[in-house]
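Take a look at the structure set out below.
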Amino acid sequence: MLGYWKASLERSDKVLFLKYEDLKGDTISHVKKLAEFAGVPFSPQEESDGAIQEIIQLCSIKNLKELEVNKIGVFNKYYDKKSYFRKGEVGDGIHHFTPSMAERMNKLMQQKFEVTGL
C-alpha cells in the first residue's frame, strides 16, 4: 500500500490513491475525481441529470450484494460468494478481528504509516 501511496504523490497523473473512508465520506466529489482521472469528466448536463448519483447507486454495496452473479457459487475454496460482501461501513473490519489481532494491527499500522502522511 505504501508503494502506491508514494507513487500517487510522485505521479498523480498516473496513480490515483483513494481511501475507502474518504470515498464514503464524500462520495460525489470522489466519483468526479475518478472520472477526471480516467479522462472522462462529467459534463454539467450529466451532473444535472443525476449521472453521478446513478453511478453511486449502481456501485453501492447494497446493489452489488443483490446481483445474482454475486450471490451464487464459490469465490474460492474458502468462501461462498454470498459471504464476500460485508456491511460496507467504515471501521466494520475491526469486528472481524479478535482483540489481540486488532491491537497488533493498530500497532503495525501506527509503526508503518506514522511518518508517511497516509
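The shown structure was predicted, so the numbers you read here are calculated from the model rather than taken from an experiment.
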- [ ] Go through L64 and L67 one step at a time and tell me if the side chain to side chain contact (heavy atoms under 4.5 Å, CB included) criterion holds.
- [x] CA-CA 5 Å; L64 293 173; L67 294 175; 3.9 Å; yes
Open item on the list: Using a 3.5 Å distance criterion without hydrogens, assess whether the side chain of S48 forms a donor-acceptor pair with backbone atoms of Q45.
Closed with: yes
- [ ] Not counting sequence neighbours, list each pair that qualifies as a side chain to side chain donor-acceptor pair (under 3.5 Å) and has a residue in residues 26-41.
- [x] D26-S29, K32-E47
- [ ] Under the salt bridge (charged side-chain N to carboxylate O under 4.0 Å, His left out) rule, collect the residues that match up with K112, sequence neighbours excluded.
- [x] none
Task: More than 12 heavy atoms from other groups under 6.0 Å of CE on M101 - done: yes
Task: Summary of side chain to side chain donor-acceptor pair (under 3.5 Å) pairs that have at least one residue in residues 97-106, sequence neighbours excluded - done: T98-S100, E103-K107
TODO: Give a yes or no on whether W5 and M109 share a hydrophobic cluster (residues Ile, Leu, Val, Met, Phe, Trp, Tyr; joining criterion: side-chain heavy atoms under 4.5 Å apart).
DONE: yes
Open item on the list: Quick check: do I52 and I55 have side-chain heavy atoms less than 4.5 Å from each other?
Closed with: no
Open item on the list: For a quick test of reading the model, state the closest non-hydrogen atom pair linking L58 to N63 and the distance between them.
Closed with: O-ND2, 2.8 Å
- [ ] List for me each residue that meets side-chain contact (heavy atoms from CB on, under 4.5 Å) alongside A7, sequence neighbours excluded, and say none if there are none.
- [x] V15
Task: For F42, ring pair (Phe, Tyr, Trp, His ring centres under 6.0 Å) partners two or more places apart - done: none
Task: Pairwise salt bridge (charged side-chain N to carboxylate O under 4.0 Å, His left out) hits with a residue in residues 10-19, at least two apart - done: R11-D13, K19-D22
Task: Atom CZ of F17: over 12 foreign heavy atoms under 6.0 Å - done: yes
Open item on the list: Using every non-hydrogen atom in the two residues, find where F37 and L16 come nearest and quote the distance to one decimal.
Closed with: CZ-N, 3.6 Å
- [ ] Indicate if M105 and M1 have the same hydrophobic cluster label, given that clusters are the connected sets of ILVMFWY residues with side-chain heavy-atom separations under 4.5 angstrom.
- [x] yes
Task: Gap separating the CD1 atom of I56 from the CG atom of L23, nearest 0.5 angstrom - done: 8.5 Å
